[in-house]
Student: 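Once you've had a glance at the structure underneath, I'll fire off some questions.
Everything numeric in this text was worked out from a predicted model, so none of it was measured.
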Amino acid sequence: MPSDTQLIFADHVGRFYARQYGFPPMAGRLLGYLFVCDPPQQTIDELGEALLASRSAITGAVKLLEGYRMARRTRVAGERVDRVSLDPASQQPQNFDSALHREHAALFREGLALLADAPPERRAPLEEMVALADFLSERLPALLDEWHTHRDELRDRHTKKLDREEEVHHD
């Protein structure tokens with residue numbers, strides 16, 4: 001059974017994802033709960049019981065999160081139920097692909113071509129979007145490299161900490 005603090009966290013995540021990304025609240029709550037539940041793999045029924053939601057609400061939320069590669073279903077050989085967990089891909093940076101931002105810039109340039117004879121104030125929003133997309137396509141590869149270096153350092157520190165703790169337990 002989840003603790004009150006786990007459910008409060010799940011509600012906070014649900015509200016954030018609803019406000020920022022337009023997710024249905026249940027999908028955000030499910031995502032938040034998957035980050036803190038124990039065990040980290042849960043059946044649809046277990047998730048419904050924990051989040052006080054219907055099976056259909058949980059199934060719909062799982063489908064949405066699967067579409068965003070935030071959750072995944074797995075099935076252990078011999079079991080008749082799927083287990084839902086966070087998708088490991090969800091912890092990878094999203095939207096850091098320069099090609100996506102170059103495509104945005106090209107799309108906004110297409111709009112600018114439609115406004116070729118328009119006054120500057122009419123063109124300004126699209127010009128700004130082109131500039132932003134160009135900026136992101138140029139800067140994101142370096143930022144992603146920086147993140148990977150930082151993440152690798154964090155993982156190394158975590159591994160070293162676990163190794164030290166294991167040494168203490170063996171002594």
Student: Within a radius of less than 6.0 Å around CZ of R151, do more than 12 heavy atoms belonging to other residues, nucleotides or ligands occur?
Tutor: yes

Student: Hey, do the aromatic rings of F9 and F35 have their centres closer than 6.0 Å?
Tutor: no

Student: With rounding to the nearest 0.5 Å, note down the distance linking CG in L30 to OH in Y17.
Tutor: 12.0 Å

Student: Taking all heavy atoms of L64 and all of A27, pick out the closest pair and write down the distance.
Tutor: CD2-CB, 3.8 Å

Student: Would you confirm whether S98, through its side chain, and S137, through its main-chain N or O, come within 3.5 Å as a donor-acceptor pair?
Tutor: yes

Student: Are F16 and L51 connected in a single hydrophobic cluster, I mean Ile/Leu/Val/Met/Phe/Trp/Tyr linked by side-chain heavy atoms less than 4.5 Å apart?
Tutor: yes

Student: Okay, side chain of R122, backbone of L115: is any donor-acceptor separation there less than 3.5 Å?
Tutor: no

Student: Any heavy-atom pair between the side chains of L143 and L140 that's under 4.5 Å?
Tutor: yes

Student: Are E166 and L162 packed together at the side-chain level, in the sense that at least one heavy-atom pair is separated by less than 4.5 angstrom?
Tutor: no

Student: Heavy atoms, side chains only, cut-off 4.5 Å: are W147 and F96 in contact?
Tutor: no

Student: Is there a side-chain contact between V84 and I44 in this structure, where contact means two heavy atoms from C-beta onward sitting under 4.5 Å apart?
Tutor: yes

Student: What closest approach, in Å, do P40 and S85 show between heavy atoms, and which atom pair accounts for it?
Tutor: O-CB, 3.4 Å

Student: More than 12 non-hydrogen atoms from neighbouring residues, nucleotides or ligands closer than 6.0 Å to CG on D117, yes or no?
Tutor: no

Student: Kindly check if the number of other-residue, nucleotide or ligand heavy atoms within 6.0 Å of CD (E110) is above 12?
Tutor: no

Student: Would V36 and M70 show up in the same hydrophobic cluster when neighbours are defined by side-chain heavy atoms closer than 4.5 Å?
Tutor: yes

Student: With the side chain counted from C-beta on, respond yes when R73 and K63 share a heavy-atom pair under 4.5 Å apart, and no when they do not.
Tutor: yes

Student: Does any part of the side chain of L112, heavy atoms only, come nearer than 4.5 Å to the side chain of M129, both counted from C-beta?
Tutor: no

Student: Would you say that P25 contacts R15 through its side chain, given a criterion of any heavy-atom pair below 4.5 Å between the two side chains?
Tutor: no

Student: Please walk me through it: do R123 and E127 pass salt bridge (Lys or Arg N to Asp or Glu O under 4.0 Å)?
Tutor: CA-CA 6 Å; R123 294 174 49 86; E127 289 171 343; 3.3 Å; yes

Student: Once you round to the nearest 0.5 Å, how far does OG1 of T159 lie from CG of L154?
Tutor: 10.5 Å

Student: Would V81 end up clustered with L34 when hydrophobic side chains under 4.5 Å apart are linked, directly or stepwise?
Tutor: no

Student: Flag yes if more than 12 heavy atoms outside E128 fall under 6.0 Å of its CD atom; otherwise flag no.
Tutor: no

Student: Are any non-hydrogen side-chain atoms of L86 and L31 less than 4.5 angstrom apart?
Tutor: yes

Student: Just do the ring-ring contact (aromatic ring centres under 6.0 Å, His included) check on Y21 and Y68 with the steps written out, would you?
Tutor: CA-CA 12 Å; Y21 303 112; Y68 284 100; 8.6 Å; no

Student: Measure the spacing between CG of L52 and CG of L7 and express it to the nearest 0.5 Å.
Tutor: 7.0 Å

Student: Let me confirm one number: the NE2-CD distance from H101 to E103, rounded to the nearest 0.5 Å.
Tutor: 11.0 Å

Student: What's the shortest heavy-atom distance between A53 and I58, and which atoms?
Tutor: CB-CD1, 3.9 Å

Student: How long is the gap from CG on D82 to CZ on R72, to the nearest 0.5 Å?
Tutor: 12.0 Å

Student: What's the spacing between L47 CG and Q41 CD if we round to 0.5 Å?
Tutor: 11.0 Å

